[in-house]
Amino acid sequence: MRFSSHRAWPIVTGMALLTASLAACGRPAAPTSAGPRDLGPVSLSSFKGGKPATVGVPFRSRNELSRLVDAGLEIWYVDQDARRAYGQIGQEHFSAVQRLGAQLRVVQAPGVFNDFDSGYHTYDELKAAMADLAAKHGDKVQMLDIGDGWEKTQGKSDRDVLALRIGKGDPAGKPGVLFCGNHHARELVTPEVVLKIAQMLVDGYGKDADLTNFVDNRDIWLVPMVNPDGHRLASEGRDWRKNTDLSHGGGTSFSGAPNGPGVDLNRNYGFKWGLPGASANVSAPTFRGSGPFSEPETQAIKKLVESRKWAFLMTYHSFSNLILWPWGHTDAPPPDNRLAPIGQKLGTLSGYKPQQSVKLYPTSGDTTDWAFGEHGILAYTTEIGSWGDGFDPPYSKLPKFWKENEPGARLLLQLADNPSHVFGPEVSGATVSAGRLTASAAAEAVEVEVFSGRAGADGTGVKAPVANGQVALSTASFRSANGLLLVHARDAKGNWGPLVSLFNR
Ligand code: 0X9
Ligand code: ZN
């Protein structure tokens, strides 16, 4: 049974609960510092029915890890402290990895493969849910077709890369924020989380002051399913990662998943494309494509990104509970001092580990290196879920993943009008009562300022001093159509902090 498409949060039936708890019992424990359970050395008999083996492998250096990836090891999880990588290897790559001298061990596979729980949206259901949001909230939500899946370009199927654009009024000049999901087909949680952001925004409009500010004063784009053709295979229970482009070779069969034809969309972006950290082998799970942006799906994102200016891009993946930022292709620190501190905040809010992405393993041609390297967009990857969750956790875990990721999505929307606000002091507990705004401010705050309706340039608002961490000011003179007040604090060095919204009522 599938739940009706417009209801992304199905009422959990008794049966679904029972299934979820059974699944939870059968799931192997998340890796401890000792890692997933060791099941012995890898041999040819580890590839049961020609299927890839789940493996662990020690490595000494990042370059060594890179060489293993180039030889066909697909990494899912890296234990940096123990210097062990865990993932999957297909039989066809086994000898190449062995030739590098790697000590491959079979380990307990992650998660329970649920074969696409009925709560997850198929492409058709997602499209219907997006259309429904646009139909019900036409004043603030638009659904747009931003490009084709590869199959559509061949007349083989009809799947598009679909986007929601959320914002009220003329978007010109408003800060742009882009959220993407599902570059990798089997990472099932990721389109759901992006759809949840859209639902949060429309549900909270007029009720939650921050969300009202975001809808009124941001140009928010959501592309929940960048890889709709691949997702179809995943929704049929296949362990698929890439798109389904057959034009580069690699055969026509998807039964050797995740090896086989298709391009890794997260290696196909045109910045430092072709450097180590992506495979030139068509059948490998990290095949980079025949050239930068060889795929219609990445072309769709390129066209969208190049259509306006953006403050942030967030792309959701699974799994490993990580927050990652550029660079992924080099150890060099990224030339923007805001990337790391905002990434650290995202880490604190989600409970995930924040790090520069190359520290996980090197990649070239990924979304965030391109968005940042080519366009200066502050771009992040979030890897949702633990080893125990795998790529296909029970749908009943969605509320947990949303709880972990909602605050980070809000942070990016909040900072979008000036990401440097990450360096300033925070304001908390702001309320308006009987015509007076009161709030607390971080210890280093010396002054606050208030804007009405939408934020102005730093330093141009109505000022009030901070005394003993407290602020009080009359709101009688503030009037705006949306009833919003926006308040933030400044430290003695002149750094203004993030703007907090509240209703002047
Ligand atoms: O390898 C990827 O594309 C991402 N991980 S996943 O398991 N979802 O496939 C991570 C990309 C981030 N970039 C780097 N680690 N350099
Ligand atoms: Zn991924």
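Worth knowing before you read on, the calculation uses all heavy atoms, side chains too, and leaves out hydrogens, waters and symmetry mates. What you see is a predicted model, and the numbers here were worked out from it, not measured in a lab. Each ligand, and each atom within it, is numbered from 1 in the order the structure gives.
Annotation: protein N, O or S atoms under 2.8 Å of the Zn ion (ligand 2) (waters excluded) comprise His184 ND1, Glu187 OE1, Glu187 OE2, His317 ND1.
Without hydrogens or angle criteria, Asn266 side chain to Asp366 main chain gives no donor-acceptor distance under 3.5 Å. The backbone N or O of Asp115 lies less than 3.5 Å from a partner atom in the side chain of Asp392, making a donor-acceptor pair. A donor-acceptor pair is defined here as one N or O able to donate and one able to accept, closer than 3.5 Å; such a pair exists between the side chain of Asn268 and the backbone of Ser294.
A ring-centre distance under 6.0 Å is found for His183 and Tyr269. In summary, the aromatic rings of Trp240 and Phe391 are positioned with their centroids too far apart to meet the 6.0 Å limit.
By the side-chain contact (heavy atoms from CB on, under 4.5 Å) test, Asn321 is found to be paired with Tyr352, Ser386, residues two or more places apart in sequence or in another chain being considered. Listed by chain and residue number, Phe59, Val78, Lys353 satisfy the side-chain contact (heavy atoms from CB on, under 4.5 Å) test with Gln80 (two or more places apart in sequence, or in another chain).
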Identify all pairs of nitrogen or oxygen atoms, one from ligand 1 and one from the protein, separated by less than 3.5 Å, and list them with distances.
residue  : atom   : partner : partner atom : Å
ligand 1 : 1 (O)  : Arg267  : NH2          : 2.8
ligand 1 : 1 (O)  : Tyr361  : OH           : 2.6
ligand 1 : 3 (O)  : Asn266  : ND2          : 2.8
ligand 1 : 3 (O)  : Arg267  : NH1          : 2.8
ligand 1 : 5 (N)  : Tyr361  : OH           : 3.1
ligand 1 : 5 (N)  : Glu383  : OE2          : 2.6
ligand 1 : 8 (N)  : Glu187  : OE1          : 3.4
ligand 1 : 8 (N)  : Glu187  : OE2          : 3.0
ligand 1 : 8 (N)  : His317  : ND1          : 3.2
ligand 1 : 8 (N)  : Ser318  : O            : 3.1
ligand 1 : 8 (N)  : Glu383  : OE1          : 3.2
ligand 1 : 8 (N)  : Glu383  : OE2          : 3.3
ligand 1 : 9 (O)  : His184  : ND1          : 3.3
ligand 1 : 9 (O)  : Arg241  : NH1          : 2.6
ligand 1 : 9 (O)  : Arg241  : NH2          : 3.3
ligand 1 : 13 (N) : Thr363  : OG1          : 3.3
ligand 1 : 13 (N) : Asp366  : OD2          : 3.4
ligand 1 : 15 (N) : Ser357  : O            : 3.2
ligand 1 : 15 (N) : Tyr361  : O            : 3.2
ligand 1 : 16 (N) : Ser357  : O            : 3.4
ligand 1 : 16 (N) : Tyr361  : O            : 2.9
ligand 1 : 16 (N) : Thr363  : OG1          : 2.8

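Only one option out of Phe293, Trp327, Phe372 pairs with Phe271 in a ring pair (Phe, Tyr, Trp, His ring centres under 6.0 Å); it is Trp327.
A cation-pi arrangement, defined by a distance under 6.0 Å to the six-membered ring centre and an angle within 45 degrees of its axis, is absent between Arg267 and Trp273.
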